[in-house]
Amino acid sequence: MGLLDGRRALIFGVANDHSIAWGIAKALHAEGATLGLSSLESLLDRRVRPLAAQLGVEFVEPCDVADDAQIARVFDRWRERYGDLDVLVHALAFANREDLDGAFVETSREGFHRALDVSAYSLTAITRGALPLLRPGASVITLTYLGAERAVPHYNVMGVAKAALEASVRYLAADLGPAGIRVNAISAGPVRTLAASGVSGFRDMYAHFREIAPLRRNMTLADVGGAAVWLASGLSAGVTGEVVYVDGGFSILGVGLGE
Ligand code: NAP
């Protein structure tokens, strides 16, 4: 018996086997969920379909979350195939590379719009798209980072986007709570992924993290996947509008000196 037997989950954001979305997919699958994957069209054939095949996932559809028509199409296809949905996972973000280096003050208007649109507004857009399919007891999960609350070197406009994302979680949770739908974020410590490699200085930050975090190790896809299982299941039935830290305790520190 899995914790998610009989539950259906649609996961946005698998780029490759290092993606947090992939870690979540594996964890939800291991607990019995029926999965669907959605990613940018350019990633599907080479990257996503082979991974989907590993888990026997049959629903793989393209979606650029900056395009409302593509969002509507994914949920139409899901409705045709499965009818309803219990778990929606939003594990994607984008900022122009030049905005993840140098000074935040140099962020362009275009770069700001793009980062906020893809990384923050898209949660509201896909949740609205999913709404007719979400059953009472459904769970919406997104991914955030400490850079939403603290100034982290080079995270820049992505920190502002994550702050908007976390505020969106609270507003969506307040809106959808009466329908029995929960909305939460996982704030993950640094994980080596494609998106993370776009942030200048990530490698140093990653190494530094395990010297300082109370658990003295980096976070893994399994760590994040485990928290996602909890948020997707009835075990977290009373939790909504929260940011859950999966960061080895890093965010509790006032001063990080390590050993
Ligand atoms: P990832 O493997 O690179 O996944 C991010 C995915 O988002 C990529 O497939 C990316 O495609 C996709 N994406 C970008 N723009 C999109 C759009 N318009 N429509 C649909 N998909 C789009 O990186 P990840 O680290 O797992 O990121 C997943 C989430 O975790 C993000 O929200 C990230 O901010 C968050 N997070 C990551 C860390 C970390 O340390 N890795 C820590 C905390 C939170 P392209 O590759 O083509 O751009």
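All of these numbers come straight from a predicted model, not from anything done at the bench. Both ligands and their constituent atoms are indexed starting at 1 by order of listing.
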State plainly whether one hydrophobic cluster holds both Leu44 and Leu51, where clusters connect Ile, Leu, Val, Met, Phe, Trp and Tyr through side-chain heavy atoms under 4.5 angstrom apart.
-> yes
Phe59: partners by ring-ring contact (aromatic ring centres under 6.0 Å, His included), with sequence neighbours left out | Trp78
Same hydrophobic cluster for Ile141 and Val74, using side-chain heavy-atom links shorter than 4.5 Å among ILVMFWY?
-> no
Which side-chain N or O atoms in residues 8-15 pair as donor and acceptor under 3.5 Å with protein atoms at least two apart or in another chain?
| residue | atom | partner | partner atom | Å |
| --- | --- | --- | --- | --- |
| Arg8 | NH1 | Tyr82 | O | 2.8 |
| Arg8 | NH1 | Asp84 | OD1 | 2.8 |

Just the distances, no angles: every ligand 1 N or O to protein N or O pair closer than 3.5 Å, one line each.
| residue | atom | partner | partner atom | Å |
| --- | --- | --- | --- | --- |
| ligand 1 | 2 (O) | Ser19 | OG | 2.6 |
| ligand 1 | 3 (O) | Ala195 | N | 2.9 |
| ligand 1 | 4 (O) | Gly13 | O | 3.4 |
| ligand 1 | 18 (N) | Asp64 | OD1 | 2.7 |
| ligand 1 | 19 (N) | Val65 | N | 3.0 |
| ligand 1 | 23 (O) | Thr193 | OG1 | 3.3 |
| ligand 1 | 25 (O) | Thr193 | OG1 | 2.5 |
| ligand 1 | 26 (O) | Ile20 | N | 2.8 |
| ligand 1 | 32 (O) | Leu92 | O | 3.1 |
| ligand 1 | 32 (O) | Lys162 | NZ | 2.8 |
| ligand 1 | 34 (O) | Lys162 | NZ | 2.8 |
| ligand 1 | 40 (O) | Val191 | N | 2.7 |
| ligand 1 | 40 (O) | Val191 | O | 3.2 |
| ligand 1 | 41 (N) | Val191 | O | 2.9 |
| ligand 1 | 41 (N) | Thr193 | OG1 | 3.2 |

Is it the case that one hydrophobic cluster holds both Val60 and Leu35, taking links as side-chain heavy atoms less than 4.5 Å apart, direct or via other members?
-> yes
Result block: side-chain N/O donor-acceptor pairs under 3.5 angstrom for residues 143-154, not counting sequence neighbours:
| residue | atom | partner | partner atom | Å |
| --- | --- | --- | --- | --- |
| Thr144 | OG1 | Glu166 | OE2 | 2.7 |
| Glu149 | OE1 | Tyr245 | OH | 3.4 |
| Glu149 | OE2 | Tyr245 | OH | 2.5 |

